[in-house]
Amino acid sequence: KKKVSFTKEQQALMKVIIDAYNKHQIPQDVAKKLLQDKYSTEENFLLLTEMATSQVQVLVEFTKNIPGFLSLDREDQIALLKGSAVEAMFLRSAQALNKKMPIGHTEVLEERIRKSGISEEFIKPMFNFYKSIGELHMVLEEQALLTTITILTPDRPYVKDQPAVERLQETALDLLRKMCVLHHPQEPQYFARLLGRLTELRTLSHYHAEMLASWRVNDHKFTPLLCEIWDVQ
Ligand SMILES: O=C(NC1CCCCC1)[C@H](C1CCCCC1)n1c(-c2ccc(-c3nnn[nH]3)cc2)nc2ccccc21
């Protein structure tokens with residue numbers, strides 16, 4: 001069994017990120033709502049915009065707890081949030097679908113999402129991503145670090161001081177690499193597989209504008225915050 005040791009700084013960083021990740025869960029559980037009732041396409045679209053709006057607020061609070069994030073140039077902080085919001089939403093959605101649920105609940109939830117009103121052509125890549133995340137059986141630390149690494153992506157549009165972001169991301173990557181060895185000792189390629197999901201996530205988020213437009217609703221209404229962060233309307 002490979003020995004994994006963490007420096008004092010890494011232990012402190014992990015605690016801060018886990019506390020922030022736990023604190024900033026989505027207030028009410030969208031999966032529970034979807035399991036309770038069947039909603040119309042209009043209601044589902046409204047639910048999506050409400051959940052996504054609260055998730056962006058949660059994401060902003062979470063990033064404030066990432067050591068070093070608030071020391072970045074303020075415009076770069078905004079560029080990182082804007083650049084990662086959709087990816088963070090799909091990561092959270094994947095975790096919502098892959099959470100342990102009573103027998104049969106996951107299938108009902110999956111069906112409700114397939115029939116929610118999003119057009120067929122996007123269901124496949126979206127569920128492929130959800131399944132590939134589920135197969136990894138990430139522990140909480142890995143989920144929190146993966147979200148952190150997604151936020152701290154240096155090559156987002158309009159980021160001026162990329163090296164400063166790279167330094168922060170590298171710290172989180174070093175920690176994630178060790179976490180993977182600790183929690184998945186039998187899978188030496190696990191860390192590489194995890195990072196491979198970020199490529200799939202970026203591809204999925206390229207479809208996002210089209211996905212939104214494809215919902216069969218009369219009026220695609222968004223909150224002011226989503227208009228800002230999703231570049232819509
Ligand atoms: O609310 C949701 N996700 C929140 C999860 C927590 C973070 C913030 C987003 C949506 C549901 C909305 C209501 C209709 C069913 C889907 N959701 C999605 C989903 C579906 C389509 C788009 C999308 N984006 N652009 N066009 N469609 C995004 C996300 N995947 C989910 C997997 C598990 C649980 C819920 C899931």
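Keep in mind it's a predicted model, so treat the numbers as computed, not measured. Every number for a ligand or one of its atoms is a count from 1 in the order of the listing.
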- Message: Does this structure show an ion pair linking E110 with R114, if we count only N-O contacts that are shorter than 4.0 Å?
- Response: yes

- Should the pair K15-D19 be classified as a salt bridge under the 4.0 Å nitrogen-to-oxygen rule? yes

- Give the numbers and elements of all ligand 1 atoms closer than 4.0 Å to a heavy atom of S116. 14 (C), 15 (C)

- Mind checking whether F45 has a heavy atom under 4.0 Å from ligand 1? no

- Ionic contact status for E170 with R167, cut-off 4.0 Å: no

- Per-residue contact class, Y39 against ligand 1 - non-hydrogen pairs under 4.0 Å: neither

- Task: Could you check which of W230, W215, F122 puts a non-hydrogen atom nearest to atom 26 (N) of ligand 1?
- Result: W215

- Message: Once you restrict to heavy atoms under 4.0 Å, what part of Q55 touches ligand 1? Side chain, backbone, both or neither.
- Response: side chain

- Query: In Å and rounded to the nearest 0.5 Å, what is the CD to CG distance from E166 to D161?
  - Reply: 9.5 Å

- Item | Contacting atoms of ligand 1, where contact means under 4.0 angstrom from a heavy atom of F90 | 28 (C)

- Message: Can you check which of N44, L48, L46 brings a heavy atom nearest to atom 10 (C) of ligand 1?
- Response: L48

With a cut-off of 3.5 Å and sequence neighbours excluded, list every side-chain donor-acceptor pair involving residues 226-233.
unit_1 : atom_1 : unit_2 : atom_2 : d
D231   : OD1    : K82    : NZ     : 2.9
D231   : OD2    : K82    : NZ     : 3.3

- Item | Nitrogen or oxygen atoms of R112 and ligand 1 under 3.5 Å apart | no

- Per atom 3 (N) of ligand 1, closest listed option by heavy atom (A94, S93, G117): S93

- Query: Quick one: which ligand 1 atoms are inside 4.0 Å of a heavy atom on V30?
  - Reply: 1 (O), 5 (C), 35 (C)

- Per-atom filter on ligand 1: closer than 4.0 angstrom to a heavy atom of H208 are 24 (N), 25 (N)

- Query: Are E187 and R193 within salt-bridge range, i.e. N to O under 4.0 Å?
  - Reply: yes

- If you look only at pairs with a residue in residues 136-160, which of them pass as a salt bridge (charged side-chain N to carboxylate O under 4.0 Å, His left out), with sequence neighbours excluded? D73-K160, E75-K160, E87-R156, D155-R202

- Give a yes or no on whether the backbone of S119 and the side-chain of R216 come within a donor-acceptor separation of less than 3.5 Å. no

- Using a strict cut-off of 4.0 Å, indicate which atoms of ligand 1 neighbour a heavy atom of R92. 7 (C)

